[in-house]
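The structure appears right after this line, and notes come after that.
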Amino acid sequence: MTAAWNGHAELAVSNALGGIAVQTFFLAIADLTYRRANLEHAAASEPNMMQNGLLIALLSIILMAPLLPDVTLWGVHPVTPLMFIAYAMGIHLVQRAHHAPMWTPTHTSETREDQPDDVNLMPSLGRLWVEFLVLFVILGLAGYMLEPSATVIAARTGATHTLVGVLLTAVSTSIPELVTSVAAVRRGALTLAVGGIIGGNAYDTLFTAASDVAYRDGSIYHAMSDDTVFWVSLTLLMSAVLMMGLIRRQRKGPAGIGLESVLLIVLYVAGVALLLV
């Protein structure tokens, strides 16, 4: 939103959408840290699949937006409120899938259900809220300070805002998801590790909608370059591969991880290479 408010539409969109791609890539990295079985096999759940379906739907709306008429109301494109409505409806469906699932994965010897920690061994709820809010503020300030740094780097190096957004700001702002996912895997909270990435990705699509509100020069979707449209398409493809992996539930594949994780790594690395060419 800071980038969009300052008129740097390409940086704003590439950061938001590049973060989704790199976080999906991080899921494959988290899979490497779990050696018993493919992470998508062990952490299969209907809510995770529903969230991934929601992500695919939201990415499709973003990909379609530049092809729609370039009209705005108070500087906001009609797709933006649609994004928020679609997300709210999708989360409602995810919650229903959690409380009243109509589909359940086949339990195998490698299936793992998250077991909550003993609350008696944890700090007080008040202390946890304080720690959470402090970290929340620190991350927000870091993002606010990150945007001007990225803009200056792009100007002085001659790199495009798409390249800086995808490779610098998107990766740096996605590091918390990587650390959280690996930590969750090590604690045995596999569903949390997978759901944290997928759910975070669905939420990150709203960063594009929020950036459209902050962008005052018209529709931010129509300011997207071909490189950004390519990155949205790549992210959509990676999400589809992940969905097939969640459905297939391969126990083990190349390098002890699922074939979909291998494909996610290949797709992301290939996308970065094409941006650098």
Side-chain angles (χ1 to χ4, degrees), residues 13-44 48-49 51-60 62-63 110 159-160 162-182 184-186 190 193-202 204-205 224-277:
V13 177
S14 60
N15 173 64
L17 300 176
I20 298 174
V22 74
Q23 285 162 198
T24 307
F25 168 74
F26 285 162
L27 188 59
I29 303 302
D31 197 0
L32 285 169
T33 67
Y34 187 70
R35 307 310 303 161
R36 293 190 56 174
N38 174 16
L39 188 59
E40 282 75 24
H41 173 92
N48 281 347
M49 294 176 62
Q51 286 190 104
N52 200 61
L54 173 61
L55 170 61
I56 291 173
L58 293 171
L59 286 171
S60 300
I62 294 174
L63 191 61
E110 299 299 339
T160 64
T162 299
L163 187 63
V164 172
V166 167
L167 296 185
L168 295 184
T169 60
V171 173
S172 60
T173 56
S174 298
I175 291 298
E177 278 76 8
L178 173 62
V179 175
T180 301
S181 295
V182 173
V185 169
R186 295 186 64 179
L190 307 183
V194 176
I197 290 288
I198 299 175
N201 283 347
D204 283 0
T205 60
M224 293 167 55
S225 68
D226 290 343
D227 285 343
T228 303
V229 172
F230 163 77
W231 207 253
V232 179
S233 303
L234 178 66
T235 305
L236 192 59
L237 176 58
M238 293 175 69
S239 301
V241 169
L242 177 58
M243 175 65 88
M244 288 186 286
L246 289 169
I247 295 173
R248 185 186 181 204
R249 297 187 65 205
Q250 182 184 25
R251 287 175 183 256
K252 283 189 178 293
I257 59 177
L259 178 60
E260 73 279 356
S261 291
V262 175
L263 290 175
L264 292 177
I265 294 172
V266 171
L267 287 171
Y268 182 77
V269 173
V272 171
L274 287 174
L275 275 182
L276 293 174
V277 172

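Atom CD1 of I20 is separated from atom CD1 of I198 by 12.5 Å, given to the nearest 0.5 angstrom. In this structure, CG on L263 lies 8.0 Å from CE on M244, to the nearest 0.5 angstrom. Atom CE of residue M49 and atom CG of residue L54 lie 14.0 Å apart, to the nearest 0.5 angstrom. Residue T24 holds its OG1 atom at 10.5 Å from CD of E177, rounded to the nearest 0.5 Å. Separation of atoms CD1 (I62) and OG1 (T205) is listed at 5.0 Å; rounding is to 0.5 Å. The CG atom of L264 sits 10.0 Å away from atom CD1 of I29, with the distance rounded to the nearest 0.5 Å.
Of all non-hydrogen atoms in Q23 and S174, the two that sit nearest each other are OE1-OG, 3.0 Å. Counting all heavy atoms, side chain and backbone alike, F25 lies closest to M238 at N-CE, 4.0 Å. The two residues G165 and S14 have their closest heavy-atom pair at CA-OG, 3.4 Å. Here the closest non-hydrogen pair linking L59 and T235 is CD1-CG2, 3.7 Å. Counting all heavy atoms, side chain and backbone alike, A170 lies closest to G19 at CB-N, 3.4 Å. For the pair L234 and G271, the tightest heavy-atom approach, listed with the atom from each and the gap, is CD2-CA, 3.8 Å.
Partners of V182 by side-chain contact (heavy atoms from CB on, under 4.5 Å), not counting sequence neighbours, listed by chain and number: T33, L178, R186.
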Report the C-alpha distance between L242 and L55 in whole Å, list the side-chain angles of each, state the deciding distance to 0.1 Å, and finish with yes or no for side-chain contact (heavy atoms from CB on, under 4.5 Å). CA-CA 11 Å; L242 177 58; L55 170 61; over 6 Å; no

As a quick check of understanding, evaluate side-chain contact (heavy atoms from CB on, under 4.5 Å) for L236 and V232, giving each step before the final call. CA-CA 6 Å; L236 192 59; V232 179; 5.6 Å; no

One pair to check against side-chain contact (heavy atoms from CB on, under 4.5 Å): L168 and S172. What are the steps and the verdict? CA-CA 6 Å; L168 295 184; S172 60; 5.8 Å; no

Using side-chain contact (heavy atoms from CB on, under 4.5 Å), reason through L276 and L167 one step at a time and then give a plain yes or no. CA-CA 10 Å; L276 293 174; L167 296 185; 3.8 Å; yes

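In summary, the side chains of N15 and T169 do present a donor paired with an acceptor at a separation below 3.5 Å, with no hydrogens or angles considered.
Proximity of T162 to W231: side-chain heavy atoms (C-beta onward) are nowhere separated by under 4.5 Å. Looking only at side-chain heavy atoms (C-beta outward), F26 and S181 stay at 4.5 Å or farther from each other.
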